[in-house]
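Note that the structure is predicted; figures quoted are calculated from it, not measured. In what follows, every heavy atom counts, from backbone to side chain, and hydrogens, waters and symmetry copies are set aside.
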Amino acid sequence: MAKRALITGITGQDGSYLAEFLLNKGYEVHGIIRRSSNFNTQRIDHLYKDPHSEDNMLHLHYGDLTDGVLLTNLIREVEPNEVYNLGAQSHVMVSFSVPEYTAQVDGVGTIRMLEAIRSSKLDCRYYQASTSELFGSTPPPQSEKSLFQPRSPYAAAKLYGYWVTRNYREAYGLHATNGILFNHESPRRGETFVTRKITRAVAKIKLGRQEKLYLGNLSAIRDWGYAPEYVESMWMMLQQESPDDYVVATGVGATVENFVERAFTRVGLDWKKFVEVDDRYQRPTEVEALIGDPCYIREKLGWSAKTHWGELADLMVDADLEIEKMN
C-alpha cells in the first residue's frame with residue numbers, strides 16, 4: 001500500500017513543492033486547506049485530478065490549525081504515516097499586526113496537531129516547520145546548538161512550536177522532528193515576501209509597468225536557498241530511524257541590497273535608479289543577520305543546498321518576466 005502523508009499549508013510555497021515531491025514518490029497525499037469564498041489553490045492546481053478518478057492520489061480537506069477537534073478527527077480518518085506541519089501565519093512583519101492570531105496558529109496550532117497524533121496512538125512521524133527566525137539576534141553562523149533569541153511575535157510563536165515538538169518526542173516517544181529552515185524562495189513565493197517583491201518589481205519595471213520599488217532594511221543579511229531542494233530535506237528527516245532537529249541552509253549570506261542588485265542586473269538595469277527606502281517597511285525589532293551552518297544535516301543525512309542566492313535571484317526574475325509577459 002502507498003504511504004499516506006498529511007500536509008498542513010499545502011497551498012503554500014513549501015506545501016505545493018512537498019506535495020509534488022511526495023506524489024512523485026508514490027505517496028497518497030492529503031492536504032488541509034482553509035475555506036475561502038475565493039479559490040486559493042493556484043499552487044497545486046496542476047496536481048489536481050477528478051476525485052472520482054481511480055488514480056487520484058491527492059485529497060484536500062477543509063480545516064484550520066485553530067480547530068483541534070477537526071485535526072483530531074482528520075488524523076483518525078486519514079491515518080497518515082507522516083504529518084508535515086507547514087501551515088502558519090508566516091509573515092514576520094504581519095505578525096506584529098496580528099500577534100494573537102499568529103500565536104494561535106503557529107504556536108498553539110502545533111500542540112493541537114501533536115495532541116491529535118498522540119491521542120490517536122498511530123505510528124505516525126511528524127515534521128514541524130521551524131524557522132531561522134528563532135535565532136533572532138544571535139550572531140551567525142547559527143547551528144542546532146546556537147542560542148534562540150526571537151525578535152518577533154512570529155518567531156516567539158514558532159519557538160513554542162519548536163519546544164512542544166521536542167517535549168512530545170521526549171515525553172511520549174513520538175517520532176517528532178524540527179526542521180529549522182533558513183529562508184528559502186522560489187517563483188511560488190508569496191508576493192509580499194521581500195525576494196518575490198523584488199523580482200516581481202524588476203519584471204514590471206523592465207516592461208515599463210512600474211516605476212519604483214520601495215523597500216525597508218537593505219542591509220539585513222539572509223541565507224537564501226531554493227524551496228524545492230528544502231522540501232526534500234523535510235522528507236529525508238522523516239525517513240530516519242530516530243527523530244532529531246536539523247538546520248537547513250546554504251551557509252552563504254547576502255544582504256537585501258545584494259539580492260536587489262543581482263535581480264536588476266539580470267535585466268540590464270541599474271537598481272539605484274528605481275529603489276527607494278520607505279520606513280513603513282522597517283520592523284519594530286530587526287534581525288540583522290541569519291546565516292545557517294548546515295554541517296550537521298550534510299554529515300548525517302547527506303543533504304546540501306545546490307542553488308545559492310545569486311542563481312536563485314536569476315531564476316526568480318526569469319520566471320516573473322515570463323509571468324508578466326503573459327499578462
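Arg118 forms no cation-pi arrangement with Tyr168, by the criterion of a distance under 6.0 Å to the ring centre and an angle within 45° of the ring axis. A cation-pi contact, defined as under 6.0 Å to the ring centre and within 45° of the axis, is absent between Lys273 and Phe264.
The 12-atom threshold is exceeded at CG of Asn327, counting heavy atoms of other residues, nucleotides or ligands nearer than 6.0 Å. Residue Glu211 qualifies as open at atom CD: its count of foreign heavy atoms under 6.0 Å is 12 or below. For Lys272, the NZ atom is loosely surrounded, since the number of other residues' heavy atoms within 6.0 Å does not exceed 12. The number of heavy-atom neighbours closer than 6.0 Å to CZ of Arg34, taken from other residues, nucleotides and ligands shown, is 12 or below.
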Give the table of side-chain donor-acceptor pairs shorter than 3.5 Å for residues 151-158, with sequence neighbours excluded, one pair per line with atom names and distance.
from	atom 1	to	atom 2	distance (Å)
Arg151	NE	Glu286	O	3.2
Arg151	NH2	Glu286	O	3.2
Ser152	OG	Ala155	N	3.0
Lys158	NZ	Ala129	O	2.6

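The shortest distance between side-chain heavy atoms of Met237 and Val248 falls below 4.5 Å. Residues Leu18 and Ile10 form no side-chain contact, since every pair of their non-hydrogen atoms from C-beta on lies 4.5 Å or further apart.
His30 pairs by the ring-ring contact (aromatic ring centres under 6.0 Å, His included) definition with His59, His61, not counting sequence neighbours.
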Would you check, one step at a time, whether the test ring-ring contact (aromatic ring centres under 6.0 Å, His included) holds for Tyr246 with Tyr296?
CA-CA 7 Å; Tyr246 301 90; Tyr296 185 63; 5.5 Å; yes
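The ring pair (Phe, Tyr, Trp, His ring centres under 6.0 Å) test with Tyr230 singles out one residue from Trp303, Tyr17, Phe21, and that residue is Trp303.
Using the six-membered ring where Trp is involved, Trp309 and Phe259 have ring planes that are tilted, between 30° and 60° apart.
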